[in-house]
Amino acid sequence: MTTTSAIWTLTGPVDAARARALLARLTADAGVPARDRARFLAALTARLRPCRDGRRQRLTLTADGTLRLALDGPEPWRHTLACPSPLPRPLPRPGEVTEADLARALLDAGEDTAVVLAGLDEAEELVRFHREELHQTNQGVLALHAELEAAALAQRELLDAERAARAEAEDARRLLTFLADASAALNASLDHEDILRRLPKLLVPEYARHVDVWLVDDERTPPAGRAAAAVTAARTGRPQHAGPYPGGLPGVDDLPASALSPERPLLCLPLGARTVQGVLTLSAPGERFAPDTAVMLLELARRAGIALDNARQYEQHRDVAEALQRAQLTELPDTPGLALAARYLPATHGLNIGGDWYDAFPGPDGSVLAVIGDVTGHGLRAAVITGQLRTALRAYAVEGNGPARILTLLHRMLRHQQPELYATCAIARFTPGEPGVVWAAAGHPPALVRGPGGEVRVLDAKPGIMLGVPVPYEYEEHREELPPGATLALYTDGLVERRSAGIDAGIGRLARAVGALGAAELQELDSAADAVLKPMLRDSEHDDDICLLLCRTAAS
């Protein structure tokens, strides 16, 4: 779009009048609406006051679809006006305005004023209309005032009811949150006594002033003054409430006042999922037990009973597995020229008993086989499989098979009879008259050899795959020269593996512990086994069983 501009120098009121008349004609021809034109010309007239007073002013116009004006003077003025129709090119000058143009501008100004006045008349009519509407609205507001007051009263009542409902919902949420947290705390332990110790800590002082737990098979009698309620709860299996007045609690029986009427309300809740193992007795933290709180306490007692049942079953299972595992640990043979010492430690927590084992026995050719192994899985099944492996291994050894052949046969047996079970194993054979040891391993941690001078090395030959992996495999034998007085250490991964460190770091720690053995400890190999375990178990916590088997050749 082409831009055109013009500069008008106005020296007096006549020039100002001509400029105004010319701009009125230009804006009218450009299709500017009358109201916008009137506002613009009124503003321009006000800005031309210095020129009317005889002072010079310069007016700059630029047109390119819009009309932009710049008027200098004591108070410079800038204005932009949108023009629907194009302006003439070039812009005329004030000197070109004739008297007829001035007359026309005067008449046009009157027409513009008429348009503005008509708009004002319309606005006044609209104001009168809205004033009437407002009056009618005010009348309606006055008429509805009484109804609004009644509605406000009803709203306050609804708000009060809503607050009460929110309070009840918050109490219910708090009780459910406590129940979930308390259940998690109880189920986190599989120790029967630990669960009983946790119950009072969870409930006092928010939900009970005092808590007692009476076990049915305990030699102690129920707490003094509470015997009737506790015995009734244990005998009937139903929760009992006793107090100076009936509790009226859901799911709870009220004892007769003649049976027991303590000063503070008392709840006696049976514990046990299948049979009643005991009674949880709670004295109220205040004047009474709230019904919602009582419902939560009933559910907590039920879950505590389940946790106690699980703990007792776990303890029985663990005791059986540990007894079976220890029964399978062999008594080490007394062999000339070879001293043996072994240690077995069950896991300190968790049902991790049954997977680790060791064995040592003489072969048909007079050699001694030292064996150590670890069955995947834990508990009774792992202990049973361990016994089967131990029996099969001895049978294969009696047939005259060497360490590698024995492992191959065990691998084949597990693949066919226990396809979902795996095991690691290491076998070392000491033959009288031969200075070395023949050994083979199936996925087991490497053995350590301590020389007579205290130097320790790792038998790092690549072990074979784990026993039972569903692929055919033939294991290889290795020979290691052992000077007189050397010690071979076989162990399971529970001794060297920790959650906080890798197995390599644990093997390094074990190597240092074996290298630090003194001459006196090596003379009494049982003392050497204890000395090795002591630095390895400083934290006294281990998640898995531990087996250690030390084999020392006689010194020359």
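The shortest distance between side-chain heavy atoms of T293 and L249 does not fall below 4.5 Å. Counting heavy atoms from C-beta on, the side chains of E170 and R166 never come closer than 4.5 Å. Inter-residue side-chain proximity for W439 and R429 is flagged as unmet; no heavy-atom pair is nearer than 4.5 Å. H444 has its side chain out of reach of C425: every pair of non-hydrogen atoms, C-beta onward, lies at least 4.5 Å apart. Put simply, the side chain of Q418 reaches to within 4.5 Å of the side chain of Q388, judged on heavy atoms.
More than 12 heavy atoms of other residues, nucleotides or ligands sit less than 6.0 Å from atom CD of E434. Enclosure of atom CG in D160 by more than 12 non-hydrogen atoms of other residues, nucleotides or ligands within 6.0 angstrom is indicated. Within 6.0 Å of CD on E455 lie more than 12 heavy atoms contributed by other residues, nucleotides or ligands.
For the atom pair OG1 of T177 and CE of M296, the computed distance is 11.0 Å after rounding to the nearest 0.5 Å. With values rounded to the nearest 0.5 angstrom, D545 atom CG is found 9.0 Å from L345 atom CG. Put simply, CG on L199 and CG on L203 are 6.0 Å apart, with the number rounded to the nearest 0.5 Å. Expressed to the nearest 0.5 Å, how far CZ of R390 lies from CZ of F361 amounts to 9.0 Å.
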**Test log, rule salt bridge (charged side-chain N to carboxylate O under 4.0 Å, His left out), inputs E168 and R173** = CA-CA 9 Å; E168 292 179 0; R173 185 196 65 79; over 6 Å; no
**Prompt:** Stepwise, does the side-chain contact (heavy atoms from CB on, under 4.5 Å) test hold for V532 with L548?
**Reply:** CA-CA 9 Å; V532 169; L548 174 66; 4.0 Å; yes
**Asked** Should E193 and R198 be marked as a salt bridge (charged side-chain N to carboxylate O under 4.0 Å, His left out) after you check the CA-CA gap, both sets of side-chain angles, and the distance that decides it?
**Response** CA-CA 9 Å; E193 294 297 329; R198 293 186 183 195; over 6 Å; no
**Request:** Decide side-chain contact (heavy atoms from CB on, under 4.5 Å) for V469 and Y422; before the verdict, give the C-alpha distance in whole Å, the side-chain angles of both, and the deciding distance to 0.1 Å.
**Result:** CA-CA 6 Å; V469 175; Y422 311 111; 4.2 Å; yes
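No hydrogens or angles considered: nothing links the side chains of D191 and S189 as a donor-acceptor pair under 3.5 Å. At a cut-off of 3.5 Å, with distance as the only test, no side-chain donor of D356 or Y344 sits close to an acceptor on the other residue. Between the side chains of S283 and R209, no donor-acceptor pair of N or O atoms lies under 3.5 Å. A side-chain donor-acceptor contact under 3.5 Å links H210 and D212.
Using a 4.0 Å cut-off between charged nitrogen and carboxylate oxygen, E299 and R302 count as a salt-bridge pair.
A centroid separation of less than 6.0 Å is found between the aromatic rings of Y207 and F178.
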